[in-house]
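Each chain gets a letter, A, B and so on, in the order its sequence line appears, and its residues count up from 1.
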2 protein chains.
Amino acid sequence: MSTLSTAELRMPVVAASAVREFARGGYHGTTIADVARDAQISPAYVFKLFPSKERLFVAALDDCFERILETLAAGADAAGSQEAEAVLDAMGGAYAELISDRTLLLLQVHAQSVAEIPEIGQALRAGLKRVTRFAKIRSGASDSAVQRFVAYGQLCHLIVTAGIDGVPDEWATILSHGIRHPR
Amino acid sequence: MSTLSTAELRMPVVAASAVREFARGGYHGTTIADVARDAQISPAYVFKLFPSKERLFVAALDDCFERILETLAAGADAAGSQEAEAVLDAMGGAYAELISDRTLLLLQVHAQSVAEIPEIGQALRAGLKRVTRFAKIRSGASDSAVQRFVAYGQLCHLIVTAGIDGVPDEWATILSHGIRHPR
DNA sequence: CCAGAGAGTGAGTGTACAGTCACTCTTATG
DNA sequence: CATAAGAGTGACTGTACACTCACTCTCTGG
(Lines give C-alpha, C1' and ligand atoms only; values in the text may rest on other atoms or scores of the structure.)
Protein backbone atom coordinates (compact mmCIF):
# COMPACT_ATOMS: atom_id res chain seq x y z
CA MET A 1 0.00 0.00 0.00
CA SER A 2 0.94 3.67 0.25
CA THR A 3 2.06 3.85 -3.37
CA LEU A 4 3.42 7.30 -2.42
CA SER A 5 0.30 8.16 -4.30
CA THR A 6 0.41 10.17 -7.43
CA ALA A 7 -3.06 11.47 -6.55
CA GLU A 8 -1.64 13.72 -3.87
CA LEU A 9 0.93 14.97 -6.33
CA ARG A 10 -1.69 15.35 -9.04
CA MET A 11 -4.07 17.46 -6.97
CA PRO A 12 -1.95 20.60 -6.84
CA VAL A 13 -1.22 20.26 -10.55
CA VAL A 14 -4.92 20.14 -11.30
CA ALA A 15 -5.49 23.06 -8.93
CA ALA A 16 -2.93 25.06 -10.89
CA SER A 17 -4.75 24.21 -14.11
CA ALA A 18 -7.97 25.29 -12.44
CA VAL A 19 -6.41 28.64 -11.56
CA ARG A 20 -5.52 29.23 -15.18
CA GLU A 21 -8.80 28.06 -16.66
CA PHE A 22 -11.11 29.68 -14.14
CA ALA A 23 -9.14 32.90 -14.52
CA ARG A 24 -9.87 32.72 -18.24
CA GLY A 25 -13.54 31.91 -18.20
CA GLY A 26 -14.82 32.54 -14.70
CA TYR A 27 -16.77 30.00 -12.68
CA HIS A 28 -19.78 29.52 -14.92
CA GLY A 29 -17.85 30.08 -18.12
CA THR A 30 -15.32 27.34 -17.50
CA THR A 31 -16.02 23.64 -17.80
CA ILE A 32 -14.49 20.73 -15.99
CA ALA A 33 -13.40 19.56 -19.42
CA ASP A 34 -11.39 22.77 -19.85
CA VAL A 35 -9.52 22.16 -16.64
CA ALA A 36 -9.04 18.48 -17.44
CA ARG A 37 -7.60 19.33 -20.85
CA ASP A 38 -5.15 21.79 -19.33
CA ALA A 39 -4.11 19.24 -16.72
CA GLN A 40 -3.93 16.51 -19.38
CA ILE A 41 -6.24 14.12 -17.61
CA SER A 42 -9.79 12.97 -18.28
CA PRO A 43 -12.76 14.96 -16.97
CA ALA A 44 -13.84 11.92 -15.00
CA TYR A 45 -10.62 11.91 -13.06
CA VAL A 46 -11.06 15.52 -12.03
CA PHE A 47 -14.09 14.34 -10.08
CA LYS A 48 -12.03 11.68 -8.40
CA LEU A 49 -9.68 14.37 -7.13
CA PHE A 50 -12.28 17.03 -6.30
CA PRO A 51 -15.86 16.21 -5.36
CA SER A 52 -17.49 19.04 -7.27
CA LYS A 53 -16.85 22.05 -9.44
CA GLU A 54 -17.33 24.34 -6.44
CA ARG A 55 -14.62 22.58 -4.48
CA LEU A 56 -12.30 22.75 -7.43
CA PHE A 57 -12.84 26.48 -7.66
CA VAL A 58 -12.18 26.85 -3.96
CA ALA A 59 -8.93 24.92 -4.34
CA ALA A 60 -7.93 27.25 -7.16
CA LEU A 61 -8.75 30.31 -5.07
CA ASP A 62 -6.80 29.00 -2.10
CA ASP A 63 -3.83 28.42 -4.35
CA CYS A 64 -4.20 31.94 -5.71
CA PHE A 65 -4.07 33.54 -2.27
CA GLU A 66 -1.23 31.31 -1.22
CA ARG A 67 0.85 32.68 -4.07
CA ILE A 68 -0.19 36.23 -3.30
CA LEU A 69 0.88 35.90 0.31
CA GLU A 70 4.24 34.50 -0.69
CA THR A 71 4.73 37.39 -3.05
CA LEU A 72 3.80 40.01 -0.47
CA ALA A 73 6.19 38.45 1.98
CA ALA A 74 9.02 38.43 -0.52
CA GLY A 75 8.30 42.03 -1.45
CA ALA A 76 8.31 43.12 2.17
CA ASP A 77 11.60 41.34 2.79
CA ALA A 78 13.14 43.10 -0.17
CA ALA A 79 11.98 46.56 0.91
CA GLY A 80 14.66 49.23 1.07
CA SER A 81 13.52 50.49 4.43
CA GLN A 82 11.52 48.62 7.05
CA GLU A 83 9.45 51.68 7.82
CA ALA A 84 5.72 51.03 7.58
CA GLU A 85 4.99 53.03 4.44
CA ALA A 86 8.07 51.71 2.68
CA VAL A 87 7.15 48.12 3.43
CA LEU A 88 3.58 48.63 2.21
CA ASP A 89 4.94 50.23 -0.90
CA ALA A 90 7.29 47.35 -1.54
CA MET A 91 4.44 44.88 -1.11
CA GLY A 92 2.41 46.88 -3.61
CA GLY A 93 5.22 46.74 -6.11
CA ALA A 94 5.63 43.00 -5.66
CA TYR A 95 1.89 42.51 -6.10
CA ALA A 96 1.87 44.61 -9.25
CA GLU A 97 4.61 42.44 -10.66
CA LEU A 98 2.82 39.23 -9.69
CA ILE A 99 -0.38 40.15 -11.44
CA SER A 100 1.24 41.46 -14.58
CA ASP A 101 0.16 38.22 -16.24
CA ARG A 102 -3.43 38.89 -15.11
CA THR A 103 -4.21 35.33 -14.06
CA LEU A 104 -4.40 35.76 -10.31
CA LEU A 105 -6.11 39.11 -10.68
CA LEU A 106 -8.84 37.74 -12.91
CA LEU A 107 -9.45 34.80 -10.63
CA GLN A 108 -10.09 37.15 -7.73
CA VAL A 109 -12.55 39.19 -9.76
CA HIS A 110 -14.38 36.05 -10.86
CA ALA A 111 -14.45 34.91 -7.25
CA GLN A 112 -16.08 38.18 -6.22
CA SER A 113 -18.67 37.58 -8.88
CA VAL A 114 -19.70 34.19 -7.49
CA ALA A 115 -19.12 34.92 -3.82
CA GLU A 116 -22.78 34.24 -3.14
CA ILE A 117 -21.95 30.56 -3.37
CA PRO A 118 -21.25 29.97 0.31
CA GLU A 119 -18.09 27.93 0.04
CA ILE A 120 -16.60 30.40 -2.41
CA GLY A 121 -17.53 33.45 -0.35
CA GLN A 122 -15.93 31.80 2.63
CA ALA A 123 -12.73 31.05 0.73
CA LEU A 124 -12.63 34.61 -0.56
CA ARG A 125 -13.01 36.06 2.94
CA ALA A 126 -10.33 33.70 4.21
CA GLY A 127 -7.94 34.94 1.54
CA LEU A 128 -8.71 38.59 2.20
CA LYS A 129 -8.27 38.00 5.90
CA ARG A 130 -4.82 36.58 5.33
CA VAL A 131 -3.84 39.42 3.02
CA THR A 132 -5.16 42.14 5.31
CA ARG A 133 -3.65 40.72 8.45
CA PHE A 134 -0.34 40.11 6.79
CA ALA A 135 -0.18 43.62 5.37
CA LYS A 136 -1.03 45.10 8.76
CA ILE A 137 1.29 42.99 10.88
CA ARG A 138 4.23 42.79 8.52
CA SER A 139 4.26 46.50 7.71
CA GLY A 140 3.05 47.84 11.03
CA ALA A 141 1.20 50.52 9.09
CA SER A 142 -1.91 52.26 10.37
CA ASP A 143 -5.33 50.77 9.74
CA SER A 144 -6.15 53.49 7.26
CA ALA A 145 -2.91 52.92 5.33
CA VAL A 146 -3.73 49.24 5.04
CA GLN A 147 -7.25 50.09 3.93
CA ARG A 148 -5.82 52.39 1.28
CA PHE A 149 -3.45 49.64 0.18
CA VAL A 150 -6.37 47.31 -0.47
CA ALA A 151 -8.54 50.00 -2.06
CA TYR A 152 -5.90 50.87 -4.64
CA GLY A 153 -5.41 47.16 -5.24
CA GLN A 154 -9.07 46.97 -6.15
CA LEU A 155 -8.71 49.97 -8.43
CA CYS A 156 -5.91 48.11 -10.13
CA HIS A 157 -8.22 45.14 -10.65
CA LEU A 158 -10.76 47.42 -12.26
CA ILE A 159 -8.18 48.96 -14.57
CA VAL A 160 -7.04 45.58 -15.79
CA THR A 161 -10.40 43.85 -16.15
CA ALA A 162 -12.00 46.80 -17.91
CA GLY A 163 -8.99 47.27 -20.15
CA ILE A 164 -8.53 50.87 -19.12
CA ASP A 165 -4.74 50.90 -19.26
CA GLY A 166 -4.46 51.10 -23.02
CA VAL A 167 -7.05 53.85 -23.41
CA PRO A 168 -5.50 57.20 -24.37
CA ASP A 169 -8.37 59.34 -23.04
CA GLU A 170 -8.00 61.67 -20.11
CA TRP A 171 -10.50 59.87 -17.90
CA ALA A 172 -8.43 56.72 -18.29
CA THR A 173 -5.24 58.39 -17.19
CA ILE A 174 -6.99 59.85 -14.17
CA LEU A 175 -7.87 56.32 -13.05
CA SER A 176 -4.61 54.61 -13.88
CA HIS A 177 -2.10 57.31 -13.03
CA GLY A 178 0.67 55.99 -10.84
CA ILE A 179 -0.72 52.44 -10.80
CA ARG A 180 2.18 50.16 -11.37
CA HIS A 181 2.51 47.61 -14.12
CA PRO A 182 -1.02 47.18 -15.30
CA ARG A 183 0.50 45.77 -18.49
CA MET B 1 -47.95 52.31 -39.07
CA SER B 2 -46.35 54.08 -36.10
CA THR B 3 -48.62 52.37 -33.57
CA LEU B 4 -46.77 54.42 -30.94
CA SER B 5 -45.42 50.97 -30.38
CA THR B 6 -45.54 49.23 -27.06
CA ALA B 7 -42.22 47.60 -28.00
CA GLU B 8 -40.38 50.81 -27.34
CA LEU B 9 -42.11 51.10 -24.02
CA ARG B 10 -41.45 47.45 -23.26
CA MET B 11 -37.72 47.57 -23.90
CA PRO B 12 -36.76 49.66 -20.88
CA VAL B 13 -39.01 47.53 -18.68
CA VAL B 14 -37.22 44.40 -19.85
CA ALA B 15 -33.88 46.15 -19.39
CA ALA B 16 -34.83 46.88 -15.79
CA SER B 17 -35.70 43.23 -15.27
CA ALA B 18 -32.37 42.34 -16.80
CA VAL B 19 -30.60 44.62 -14.31
CA ARG B 20 -32.23 42.78 -11.42
CA GLU B 21 -31.73 39.29 -12.75
CA PHE B 22 -28.18 39.72 -14.02
CA ALA B 23 -27.28 41.35 -10.73
CA ARG B 24 -28.54 38.23 -8.99
CA GLY B 25 -26.92 35.56 -11.12
CA GLY B 26 -24.26 37.24 -13.22
CA TYR B 27 -24.01 36.87 -16.96
CA HIS B 28 -23.49 33.13 -17.26
CA GLY B 29 -25.61 32.32 -14.22
CA THR B 30 -28.73 34.05 -15.46
CA THR B 31 -30.99 32.75 -18.21
CA ILE B 32 -33.15 34.59 -20.66
CA ALA B 33 -36.04 32.74 -19.06
CA ASP B 34 -35.19 34.36 -15.71
CA VAL B 35 -35.38 37.81 -17.23
CA ALA B 36 -38.54 36.97 -19.16
CA ARG B 37 -40.22 35.71 -16.00
CA ASP B 38 -39.34 38.89 -14.14
CA ALA B 39 -40.62 41.02 -17.01
CA GLN B 40 -43.73 38.83 -17.34
CA ILE B 41 -43.27 38.07 -21.01
CA SER B 42 -42.26 34.95 -22.89
CA PRO B 43 -38.57 34.13 -23.45
CA ALA B 44 -39.22 34.26 -27.18
CA TYR B 45 -40.29 37.86 -27.00
CA VAL B 46 -37.12 38.86 -25.23
CA PHE B 47 -35.32 37.91 -28.42
CA LYS B 48 -37.65 40.08 -30.42
CA LEU B 49 -36.64 43.04 -28.28
CA PHE B 50 -32.93 42.25 -27.95
CA PRO B 51 -31.00 40.30 -30.56
CA SER B 52 -28.89 38.30 -28.13
CA LYS B 53 -28.10 37.73 -24.49
CA GLU B 54 -24.98 39.88 -24.81
CA ARG B 55 -26.97 42.83 -26.07
CA LEU B 56 -29.47 42.42 -23.28
CA PHE B 57 -26.66 42.50 -20.74
CA VAL B 58 -25.25 45.60 -22.35
CA ALA B 59 -28.65 47.27 -22.15
CA ALA B 60 -28.82 46.40 -18.47
CA LEU B 61 -25.35 47.79 -17.86
CA ASP B 62 -26.15 51.02 -19.69
CA ASP B 63 -29.25 51.41 -17.56
CA CYS B 64 -27.17 50.80 -14.45
CA PHE B 65 -24.70 53.56 -15.28
CA GLU B 66 -27.50 55.89 -16.27
CA ARG B 67 -28.97 55.55 -12.79
CA ILE B 68 -25.58 55.97 -11.16
CA LEU B 69 -24.94 59.19 -13.05
CA GLU B 70 -28.31 60.58 -12.07
CA THR B 71 -27.58 59.74 -8.45
CA LEU B 72 -24.16 61.34 -8.49
CA ALA B 73 -25.64 64.48 -10.02
CA ALA B 74 -28.36 64.67 -7.40
CA GLY B 75 -25.82 64.11 -4.64
CA ALA B 76 -23.57 66.84 -5.96
CA ASP B 77 -26.48 69.26 -6.20
CA ALA B 78 -27.42 68.55 -2.61
CA ALA B 79 -23.90 69.06 -1.26
CA GLY B 80 -23.58 71.49 1.62
CA SER B 81 -20.62 73.27 0.10
CA GLN B 82 -19.65 73.43 -3.54
CA GLU B 83 -15.99 73.04 -2.70
CA ALA B 84 -14.33 70.18 -4.59
CA GLU B 85 -13.83 67.81 -1.66
CA ALA B 86 -17.30 68.49 -0.30
CA VAL B 87 -18.92 67.76 -3.65
CA LEU B 88 -16.96 64.53 -4.07
CA ASP B 89 -17.95 63.54 -0.57
CA ALA B 90 -21.61 64.25 -1.26
CA MET B 91 -21.43 62.16 -4.42
CA GLY B 92 -19.89 59.35 -2.42
CA GLY B 93 -22.70 59.52 0.09
CA ALA B 94 -25.33 59.48 -2.62
CA TYR B 95 -23.65 56.51 -4.28
CA ALA B 96 -23.49 54.64 -0.98
CA GLU B 97 -27.19 55.17 -0.55
CA LEU B 98 -27.95 54.09 -4.11
CA ILE B 99 -26.15 50.79 -3.79
CA SER B 100 -27.53 49.95 -0.38
CA ASP B 101 -29.82 47.46 -2.14
CA ARG B 102 -26.77 45.89 -3.81
CA THR B 103 -28.32 45.49 -7.24
CA LEU B 104 -26.33 48.06 -9.18
CA LEU B 105 -23.18 47.19 -7.32
CA LEU B 106 -23.44 43.49 -8.12
CA LEU B 107 -24.16 44.17 -11.76
CA GLN B 108 -20.95 46.16 -12.05
CA VAL B 109 -18.93 43.39 -10.46
CA HIS B 110 -20.47 40.81 -12.80
CA ALA B 111 -19.73 43.11 -15.72
CA GLN B 112 -16.07 43.26 -14.69
CA SER B 113 -16.05 39.49 -14.64
CA VAL B 114 -17.22 39.18 -18.25
CA ALA B 115 -15.52 42.28 -19.61
CA GLU B 116 -13.54 40.09 -22.01
CA ILE B 117 -16.67 39.89 -24.11
CA PRO B 118 -15.95 42.84 -26.38
CA GLU B 119 -19.34 44.51 -26.34
CA ILE B 120 -19.54 44.24 -22.58
CA GLY B 121 -16.03 45.55 -22.01
CA GLN B 122 -16.86 48.46 -24.23
CA ALA B 123 -20.07 49.24 -22.34
CA LEU B 124 -18.21 49.00 -19.04
CA ARG B 125 -15.55 51.43 -20.20
CA ALA B 126 -18.22 53.78 -21.49
CA GLY B 127 -19.88 53.78 -18.08
CA LEU B 128 -16.64 54.32 -16.21
CA LYS B 129 -15.76 57.11 -18.57
CA ARG B 130 -19.02 58.87 -17.82
CA VAL B 131 -18.60 58.43 -14.07
CA THR B 132 -14.99 59.56 -14.04
CA ARG B 133 -15.55 62.58 -16.23
CA PHE B 134 -18.62 63.61 -14.33
CA ALA B 135 -16.88 63.30 -10.97
CA LYS B 136 -13.96 65.32 -12.24
CA ILE B 137 -15.90 68.08 -13.98
CA ARG B 138 -18.76 68.42 -11.55
CA SER B 139 -16.55 68.50 -8.45
CA GLY B 140 -13.52 70.20 -9.92
CA ALA B 141 -11.38 68.02 -7.69
CA SER B 142 -7.81 67.08 -8.50
CA ASP B 143 -7.09 64.00 -10.60
CA SER B 144 -5.76 62.16 -7.59
CA ALA B 145 -8.86 62.95 -5.55
CA VAL B 146 -11.05 61.55 -8.31
CA GLN B 147 -8.84 58.50 -8.51
CA ARG B 148 -9.19 58.00 -4.78
CA PHE B 149 -12.95 58.42 -5.09
CA VAL B 150 -13.10 55.53 -7.56
CA ALA B 151 -10.62 53.39 -5.65
CA TYR B 152 -12.65 53.55 -2.44
CA GLY B 153 -15.76 52.82 -4.50
CA GLN B 154 -14.11 49.63 -5.65
CA LEU B 155 -13.19 48.79 -2.07
CA CYS B 156 -16.85 49.23 -1.23
CA HIS B 157 -17.74 46.75 -3.97
CA LEU B 158 -15.34 44.24 -2.49
CA ILE B 159 -16.75 44.67 0.99
CA VAL B 160 -20.28 44.04 -0.19
CA THR B 161 -19.63 41.16 -2.59
CA ALA B 162 -17.36 39.33 -0.18
CA GLY B 163 -19.75 39.90 2.70
CA ILE B 164 -17.13 41.57 4.84
CA ASP B 165 -19.40 44.09 6.51
CA GLY B 166 -20.97 41.64 8.95
CA VAL B 167 -17.69 40.05 10.02
CA PRO B 168 -16.68 41.03 13.56
CA ASP B 169 -12.96 40.34 13.11
CA GLU B 170 -10.34 43.07 13.21
CA TRP B 171 -9.21 42.58 9.62
CA ALA B 172 -12.77 43.21 8.50
CA THR B 173 -13.04 46.47 10.37
CA ILE B 174 -9.75 47.63 8.91
CA LEU B 175 -11.21 47.21 5.43
CA SER B 176 -14.66 48.58 6.06
CA HIS B 177 -13.91 51.39 8.51
CA GLY B 178 -15.56 54.62 7.45
CA ILE B 179 -17.18 53.07 4.38
CA ARG B 180 -20.74 54.28 4.29
CA HIS B 181 -23.79 52.05 4.17
CA PRO B 182 -22.30 48.80 3.06
CA ARG B 183 -25.48 46.94 3.99
C1' DC C 1 -65.23 45.45 -42.71
C1' DC C 2 -60.99 44.04 -44.32
C1' DA C 3 -55.97 44.07 -44.93
C1' DG C 4 -51.86 44.15 -42.87
C1' DA C 5 -48.45 45.53 -39.39
C1' DG C 6 -46.82 44.66 -35.30
C1' DA C 7 -47.32 42.39 -30.38
C1' DG C 8 -46.73 38.21 -28.42
C1' DT C 9 -46.18 33.11 -27.77
C1' DG C 10 -45.88 27.56 -27.71
C1' DA C 11 -43.36 24.29 -29.04
C1' DG C 12 -39.50 23.02 -30.50
C1' DT C 13 -33.88 22.18 -31.83
C1' DG C 14 -29.27 21.42 -31.15
C1' DT C 15 -25.83 21.52 -28.09
C1' DA C 16 -23.17 21.62 -24.03
C1' DC C 17 -22.12 20.32 -19.53
C1' DA C 18 -21.96 18.45 -14.34
C1' DG C 19 -21.71 14.41 -12.52
C1' DT C 20 -21.72 8.90 -12.63
C1' DC C 21 -20.34 4.19 -13.34
C1' DA C 22 -18.44 0.26 -14.78
C1' DC C 23 -14.50 -0.78 -16.42
C1' DT C 24 -9.12 -1.38 -17.47
C1' DC C 25 -4.34 -0.81 -16.55
C1' DT C 26 -0.33 -0.58 -13.53
C1' DT C 27 2.39 -1.59 -9.69
C1' DA C 28 3.96 -3.82 -5.71
C1' DT C 29 3.83 -6.81 -2.15
C1' DG C 30 2.99 -11.48 0.05
C1' DC D 1 2.65 -15.51 -9.67
C1' DA D 2 -1.69 -13.96 -7.60
C1' DT D 3 -4.21 -10.42 -5.92
C1' DA D 4 -5.52 -6.24 -4.56
C1' DA D 5 -5.38 -1.24 -4.21
C1' DG D 6 -5.29 2.66 -6.42
C1' DA D 7 -4.63 5.44 -11.02
C1' DG D 8 -7.12 6.55 -14.77
C1' DT D 9 -10.76 6.54 -18.50
C1' DG D 10 -14.80 5.92 -22.14
C1' DA D 11 -19.21 6.11 -22.55
C1' DC D 12 -23.26 7.61 -20.61
C1' DT D 13 -27.38 10.35 -18.51
C1' DG D 14 -30.28 13.89 -17.49
C1' DT D 15 -30.97 18.40 -17.74
C1' DA D 16 -30.73 23.11 -18.94
C1' DC D 17 -30.34 26.73 -22.06
C1' DA D 18 -29.66 30.12 -26.22
C1' DC D 19 -31.98 30.79 -29.98
C1' DT D 20 -35.70 29.83 -33.93
C1' DC D 21 -40.02 29.53 -36.26
C1' DA D 22 -44.48 29.15 -37.43
C1' DC D 23 -48.18 30.70 -35.65
C1' DT D 24 -52.22 33.65 -33.29
C1' DC D 25 -54.15 37.77 -31.66
C1' DT D 26 -55.14 42.69 -31.64
C1' DC D 27 -55.36 46.79 -33.27
C1' DT D 28 -55.62 50.73 -36.85
C1' DG D 29 -56.16 53.07 -41.06
C1' DG D 30 -58.56 53.06 -45.42
Taking [atom1] from [X] and [atom2] from [N], how many angstroms apart are they, rounded to a whole number?
X	N	atom1	atom2	answer
B:Phe47	D:dA22	CZ	P	17 Å
B:Glu54	D:dC17	CD	C1'	15 Å
B:His28	D:dC17	NE2	P	14 Å
A:Ile32	C:dC17	CD1	C1'	10 Å
A:Leu49	D:dA7	CG	C1'	9 Å
B:Ile41	C:dG6	CD1	P	18 Å
B:Tyr45	D:dC19	OH	C1'	17 Å
B:Glu21	D:dC17	CD	P	12 Å

* **B:Tyr152 vs A:Leu155 side-chain heavy atoms within contact, under 4.5 Å** => no

* To do: Check whether any side-chain heavy atom of B:Arg125 lies under 4.5 Å from a side-chain heavy atom of A:Trp171, and answer yes or no.
  =>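 B:Arg125 reaches A:Trp171 side chain to side chain.
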
* Ignoring hydrogens and angles, answer whether the base of D:dT20 and the side-chain atoms of B:Lys48 contain a donor-acceptor pair closer than 3.5 Å. => no

* Between A:Pro51 and A:Thr31, which is nearer to the 5' end of DNA chain C once each is assigned its nearest nucleotide? -> A:Thr31

* Asked: A:His157 vs A:Tyr95 aromatic rings, parallel, tilted or perpendicular, using cut-offs 30° and 60°?
  -> tilted

* Specify the residue among B:Tyr27 and A:Val46 whose closest nucleotide of DNA chain D lies further upstream toward the 5′ end. => A:Val46

* Nucleotide of C:dA7, D:dC19, D:dT9 approaching A:Ala44 most closely (side-chain heavy atoms) -> D:dT9

* Asked: side-chain contact (heavy atoms from CB on, under 4.5 Å) between A:Glu116 and B:Leu106: does it pass, once the steps are laid out?
  -> CA-CA 11 Å; A:Glu116 272 86 26; B:Leu106 289 171; 3.7 Å; yes

